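Data block below; observations after.
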Amino acid sequence: MQKKKGNRLIVLSGPTAVGKTDTSIELAQYLDTVILSADSRQFYSGMKIGTAAPSPKELKAAKHYFIGHLKIGDYYNVSRFEQDALAVLEQEFQKHDQVILTGGSGLYIDALCRGVDEFPDPDPELRADLKKQYQEKGIEWLQEEVQKADPEYFGQVDKKNPNRLLRALEVCLATGKPYSEQRIGNKRERSFDIIYIALNRPREELFERIHLRTDQMLKDGLVEEVNSLAHLRHENALNTVGYKEIFMYLDGEYGLELATEKIKTNTRRYAKRQLTWFRKNPSYHWLHPDQENELYELTKF
RNA sequence: GGUACCAUAGCUCAGUUGGUAGAGCAACGGACUGAAAAUCCGUGUGUCCCUGGUUCAAUUCCAGGUGGUACCA
């Protein structure tokens with residue numbers, strides 16, 4: 001008896017500016033399939049220039065999901081992405097053997113590929129309250145609270161990272177149970193296979209592309225884009241490289257040249273953090289974007 | 001052409017009363033479970049311009065060279 005052929009998700013990730021958009025579209029056309037984006041900032045409409053989102057022409061060249069599907073200010077998180085993406089996959093796998101997942105948000109990629117533990121959705125009021133208390137009482141207070149609420153997690157957590165501590169405390173208070181108890185990290189079984197591919201370039205080449213792309217964003221009207229979003233400035237989506245720095249420029253804190261340099265520096269650092277994340281997963285096949293034949297060979301199915 | 005000053009990390013510079021050197025920025029490594037382009041942790045990576053001289057020892061003092069800056073011609 002012949003085993004029924006399943007489906008496969010092609011993860012195509014890599015650091016920012018490496019060339020994921022071009023490569024994923026070429027691959028989608030070659031395989032006649034669709035693309036899911038795992039880019040936590042390209043989710044938002046209105047941030048086209050600063051997030052180097054695919055152009056209308058590119059969006060037409062291959063069907064994309066999760067590009068500009070949210071409004072700045074919409075609440076979203078990895079768990080929702082996991083659910084949304086699984087639903088899309090179920091639908092698309094009826095039509096295609098393989099589907100492409102591309103983007104640079106490692107946590108979101110992993111959420112779809114391995115799953116995340118179940119927690120109740122955060123309570124915005126509780127979160128705001130805890131954050132306020134942290135700002136008033138400092139990190140020591142946060143550390144003490146987490147130590148009381150969840151000594152086990154406190155033993156493992158990065159104690160100087162307020163976000164991590166706030167999250168743990170929030171879950172403890174909302175559920176009445178220690179965070180560590182609910183954070184099991186079980187891998188979810190998926191009904192499809194996964195192949196992990198990461199694009200990369202020599203550091204110098206990647207940085208050069210980051211610099212050129214940043215200059216191009218400015219020419220394309222990044223300042224105007226950011227300015228048009230000024231009323232949403234406090235939203236998390238705009239706590240993003242390229243937006244933060246231009247807000248500083250608009251405030252008169254930075255000259256335009258300095259703001260541009262800061263964007264380049266912060267983008268290089270972002271790329272580095274992404275590489276650290278992907279390197280940790282030994283399943284990745286690493287390719288240069290020019291290695292088209294190798295890519296097609298890998299995605300034979 | 002002359003005089004003065006300078007030459008130390010990728011960059012801007014500090015320093016060593018002679019015992020091979022350190023800040024900021026940049027860079028590099030890492031962490032990561034509902035904020036993740038976020039948030040946080042760690043690490044000096046060096047022919048102290050070159051060649052001689054003095055000295056137990058020279059990046060440091062002396063001479064010459066080279067390069068740079070300023071002023072005078």
Side-chain angles (χ1 to χ4, degrees), chain A residues 13-18 20 37-44 47 49-53 70 72-84 103-124 126-128 130-131 134 139 142-143 153 156-171 174-175 179-188 203-204 206-207 210-211 213-214 217 222 234-246 258 261-281:
Chain A
S13 65
T16 190
V18 77
K20 294 187 293 296
S37 169
D39 184 305
S40 71
R41 290 303 188 264
Q42 290 182 6
F43 291 164
Y44 296 94
M47 297 174 64
I49 298 173
T51 64
L70 300 176
I72 297 170
D74 283 354
Y75 179 73
Y76 204 66
N77 62 44
V78 271
S79 178
R80 292 190 183 181
F81 176 75
E82 179 192 12
Q83 300 311 315
D84 293 347
S105 304
L107 179 64
Y108 283 72
I109 292 171
D110 289 350
L112 178 58
C113 295
R114 307 166 167 182
V116 288
D117 292 326
E118 281 194 36
F119 296 101
D121 256 358
D123 171 0
L126 175 62
R127 180 170 283 193
L130 292 177
K131 189 177 176 185
Y134 155 61
I139 190 95
L142 243 190
Q143 290 166 345
Y153 185 67
Q156 314 159 355
V157 71
D158 176 357
K159 297 173 183 58
K160 291 182 183 167
N161 190 328
N163 282 11
R164 217 97 324 133
L165 294 169
L166 280 166
R167 170 64 183 155
L169 188 55
E170 162 186 290
V171 172
T175 62
Y179 180 49
S180 53
E181 211 173 90
Q182 305 167 72
R183 195 168 153 278
I184 9 188
N186 280 344
K187 277 189 191 159
R188 297 295 166 85
R203 202 55 71 96
E204 230 176 89
L206 182 67
F207 284 5
I210 287 172
H211 300 162
R213 192 181 70 176
T214 304
M217 285 177 180
L222 180 60
H234 60 282
E235 296 294 347
N236 178 58
L238 291 176
N239 182 194
T240 298
V241 175
Y243 294 81
K244 294 187 278 196
E245 298 84 355
I246 296 297
L258 179 60
E261 283 311 307
K262 295 273 187 191
I263 293 174
K264 290 175 183 174
T265 299
N266 289 330
T267 306
R268 292 196 297 268
R269 290 178 172 162
Y270 170 48
K272 224 163 76 65
R273 273 179 271 133
Q274 291 175 298
L275 287 165
T276 299
W277 185 288
F278 299 132
R279 273 193 293 244
K280 191 173 54 170
N281 182 343

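Being a predicted model, the structure only gives us computed values, none of them experimental. Below, chain A is the first sequence line, B the second, and so on; all start at residue 1.
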> What is the pairing partner of B/A38, taking Watson-Crick or G-U wobble pairs with both distances under 3.5 Å in any strand?
Replying inline: none
>> Whether A/Tyr108 contacts B/A36 is assessed here as follows: a side-chain N or O lying under 4.0 Å from the phosphate OP1 or OP2. Is that the case?
In response: yes
> In whole Å, what separates the C1' atom of B/G10 from that of B/C72?
Replying inline: 37 Å
>> Less than 6.0 angstrom separating the ring centers of A/Tyr108 and A/Phe43, yes or no?
In response: yes
>> Please report the distance, rounded to the nearest Å, between CG in A/Asn236 and C1' in B/G34.
In response: 12 Å
> Is any side-chain nitrogen or oxygen of A/Arg41 closer than 4.0 Å to OP1 or OP2 of B/A36?
Replying inline: yes
> NZ of A/Lys159: more than 12 outside heavy atoms within 6.0 angstrom?
Replying inline: yes
>> Using whole Å, what does the distance between atom P of nucleotide B/A36 and atom NZ of A/Lys280 come to?
In response: 16 Å
>> Give me the distance, rounded to whole Å, that separates B/U60 from B/U55 when you measure between the P atoms they each carry.
In response: 16 Å
> Hey, is B/G67 sitting syn or anti, using the within-90° cutoff around 0?
Replying inline: anti
>> I'd like the C1' distance from B/U45 over to B/U17, given in whole Å.
In response: 30 Å
>> Does a side-chain N or O of A/Arg114 approach OP1 or OP2 of B/U33 to a distance below 4.0 Å, or not?
In response: no
>> Between A/Asp39 and A/Lys20, does any side-chain N to carboxylate O distance fall below 4.0 Å?
In response: no
> Do the side-chain N or O atoms of A/Arg167 get closer than 4.0 angstrom to the phosphate oxygens (OP1, OP2) of B/G34?
Replying inline: yes
> So, is A/Arg203 close to the B/C28 phosphate, meaning a side-chain N or O under 4.0 Å from OP1 or OP2?
Replying inline: yes
> Any side-chain heavy atom of A/Ile109 sitting closer than 4.5 Å to one from A/Phe278?
Replying inline: yes
